[in-house]
Amino acid sequence: ASELQSEPQTSSWQGVGAHTDTNFLTLVLQDSVGGLQVFSKDSWIDVPADGPAVLVCNLGEQAQILSSGYFLATPHRVVRRLV
């Protein structure tokens with residue numbers, strides 16, 4: 001998963017690095033600040049924060065294992081640009 005290591009390399013960035021969750025399902029309450037990104041088709045995609053509370057469902061590694069790979073664990077990260 002070396003492609004997941006493409007973190008911004010500047011001092012104006014902070015957040016949580018690329019990873020998948022080990023559990024079955026993670027629910028994330030995305031607020032209007034945003035910053036959540038998912039990895040799909042060889043690039044990072046911003047998860048829209050279109051309202052005051054957006055519920056995001058990330059499948060984890062247990063879902064991938066129990067489905068024999070039919071469902072994939074969602075690679076994701078949180079990016080926050082400092083101003």
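As the structure is a computational prediction, the values presented were derived from the model and not from experiment.
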Consider only side-chain heavy atoms of I, L, V, M, F, W and Y, link residues closer than 4.5 Å, and tell whether [X] and [Y] are in one cluster.
{"X": "Phe24", "Y": "Tyr70", "value": "yes"}
{"X": "Leu25", "Y": "Leu66", "value": "yes"}
{"X": "Phe71", "Y": "Leu27", "value": "yes"}

For Ile65, what are the other residues in its hydrophobic cluster, where any two members join if their side-chain heavy atoms are less than 4.5 angstrom apart?
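When side chains under 4.5 Å apart are linked, Ile65 ends up in no cluster with other residues.
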
Could you tell me which residues satisfy side-chain hydrogen bond (donor to acceptor under 3.5 Å, both in side chains) with Thr74, sequence neighbours excluded, listed by chain and number?
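Expected list: none.
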
Are the side chains of His76 and His19 in touch, meaning some heavy atoms are under 4.5 Å apart?
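They are in side-chain contact.
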
Does Asp46 use its side chain to pair, donor to acceptor, with the backbone of Pro48 at less than 3.5 Å?
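The answer is no, because no donor-acceptor pair under 3.5 Å joins these two groups.
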
Quick check: does any side chain N or O of Gln30 sit under 3.5 Å from a backbone N or O of Val47, one acting as donor and the other as acceptor?
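The answer is yes, because a donor-acceptor pair under 3.5 Å joins these two groups.
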
With Ile45 via side chain to side chain contact (heavy atoms under 4.5 Å, CB included) - residues at least two apart:
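For Ile45, the residues satisfying side chain to side chain contact (heavy atoms under 4.5 Å, CB included) (neighbours in sequence not counted) are Val38, Ser40, Ser43.
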
Side-chain polar contacts of residues 55-64 - donor-acceptor pairs under 3.5 angstrom, sequence neighbours left out - could you list them?
| from | atom 1 | to | atom 2 | distance (Å) |
| --- | --- | --- | --- | --- |
| Glu61 | OE2 | Thr20 | OG1 | 2.5 |
| Gln64 | OE1 | Ala73 | N | 2.8 |

With rounding to the nearest 0.5 Å, note down the distance linking CH2 in Trp44 to CG in Leu36.
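The CH2 atom of Trp44 sits 9.5 Å away from the CG atom of Leu36.
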
